[in-house]
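The residues of the chain are indexed from 1 along the displayed sequence. Note that ligands are numbered from 1 as they come in the structure, with each ligand's atoms numbered from 1 the same way.
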Amino acid sequence: MKTRITEMLGIEYPIIQGGMAWVAEHNLAAAVSEAGGLGLIGGASAPGEVVREEIRKAKELTKKPFGVNVMLMSPHADDVAKVVVEEGVKVVTTGAGNPAKYMKMWKEAGIIVIPVVASVALAKLMERGGADAVVAEGTESGGHIGEATTMTLVPQVVDAVSIPVIAAGGIADGRGIAAAFMLGAEAVQIGTRFVVSKESIVHENYKQRIIKAKDIDSAVTGRSHGHPVRCLRNQMTREYNRLEAEGKSFEELEYLTLGSLRKAVMEGDVTNGTVMAGQIAGMITKEQTCKEMIEEMMNQAETLLGRK
Ligand code: TUI
């Protein structure tokens, strides 16, 4: 399944791993790249020097291309934006904002820039600003989300831009990949399924929470403050939504969630921590290596699309 994305990135399969905060570190990124997809290191809110170390460790594990996701709401975004240039990173994706101010620096450094967008308007703006492709991320995704679903967003973005589109949100098997291709996407971005991969360093409790999740187990916090975040329902989401309904300020609510993703990912506190995951968590039933996941998904997608 060669597409403009596989050619542009020099990868075997049209699968990109999500740049998930705390989860997308060097082991996962290298495993996905080694398996023929594009692994990503998630910059999240980490300082530039931490991201630099992650990049160097990934380079020791794989000679294949990998990328870095720059989370634009991070207080360290300016530093991380420079680190990716200094470290010779080949591909950058961005999330949770508009990366326009870094575009010139990245393009001059020869970096392939792929902003994650949740609307047609931002996709068009990114194309005009020199983006090489966009990830159209539907609201089914875990973490920070937009409003439109993958089913509605992807074809509208495909119609609006000429650069290739990568579909994200709600995709975790070959059927999802085939469907995304039917909508005009030339690759997919997958997050939640890779969280439960053998190479993923997240706490066992986090993996088990995803494996046990049912179709309607996700909740969105922070809608009223314009910072919607999708995660699996637990004590934290109930408390957050109760306080949100009471009209507590964004700052007070942020205090509640401060460090809570780390608490779930690293300490395994899936009761009081934030268990970010997409709506497709209900379909994910087992831990496998990244290679097994990718090969299984691609076999299924190629069969469905009549390519084998
Ligand atoms: O960025 C993501 N997903 C994320 S980032 C993240 S870290 C975080 N943790 C707690 C609170 C907030 C963030 C966890 N998950 N996905 C990409 C994405 N970008 N989804 C939606 C958007 C987006 C939304 C609005 C991009 C741009 C935008 O507006 C841009 C503008 O300023 O016009």
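- For atom 9 (N) of ligand 1, the closest non-hydrogen atom on the protein side is Met276 CE, 3.7 Å.
- Classification of the His227-Phe250 ring pair by plane angle, with boundaries at 30° and 60°, yields parallel.
- Among Ala118, Gly97, Ser45, the residue whose heavy atom sits closest to atom 26 (C) of ligand 1 is Gly97.
- Judged by distance alone, the side chains of Glu296 and Gln288 do bring a donor and an acceptor atom under 3.5 Å apart.
- Minimum interatomic distance between Pro14 and Phe181 (heavy atoms only, all atoms of both residues): CG-CZ, 3.8 Å.
- At a 3.5 angstrom cut-off on N or O pairs, Thr94 does not count as close to ligand 1.
- Looking at Thr150 and Glu140, their side chains do bring a donor and an acceptor atom within 3.5 Å of each other.
- For Met71, every heavy-atom contact with ligand 1 shorter than 4.0 Å involves the side chain, none the backbone.
- Residue Thr285 comes nearest to Ile211 through the heavy atom pair O-CG2, 3.5 Å, listed as atom of the first residue, atom of the second, then distance.
- Under the 4.0 angstrom criterion for non-hydrogen atoms, Leu122 is in contact with ligand 1.
- Nearest non-hydrogen protein atom to atom 11 (C) of ligand 1 is Val229 CG2, 3.9 Å.
- The closest approach between Ala44 and ligand 1 stays at or above 4.0 Å for every heavy atom of the residue.
- Residue Gly143 has at least one heavy-atom neighbour below 4.0 Å for each of these atoms of ligand 1: 14 (C), 15 (N).
- What sits closest to atom 16 (N) of ligand 1 on the protein, heavy atoms only, is Glu137 OE2, 3.0 Å.
- Closest protein heavy atom to atom 14 (C) of ligand 1: His144 N, 3.6 Å.
- Taking the charged nitrogens against the carboxylate oxygens, Glu295 and Lys291 do have a contact shorter than 4.0 Å, which makes a salt bridge.
- Considering backbone and side-chain N/O atoms, Ala96 comes within less than 3.5 Å of an N/O atom of ligand 1.
- Annotation: atom 12 (C) of ligand 1 to nearest protein heavy atom, Met73 CE, 3.5 Å.
- Of the protein's non-hydrogen atoms, the one nearest atom 31 (C) of ligand 1 is Asn98 CB, 4.1 Å.
- Using a 4.0 Å cutoff on heavy atoms, Met20 does not count as a contact of ligand 1.
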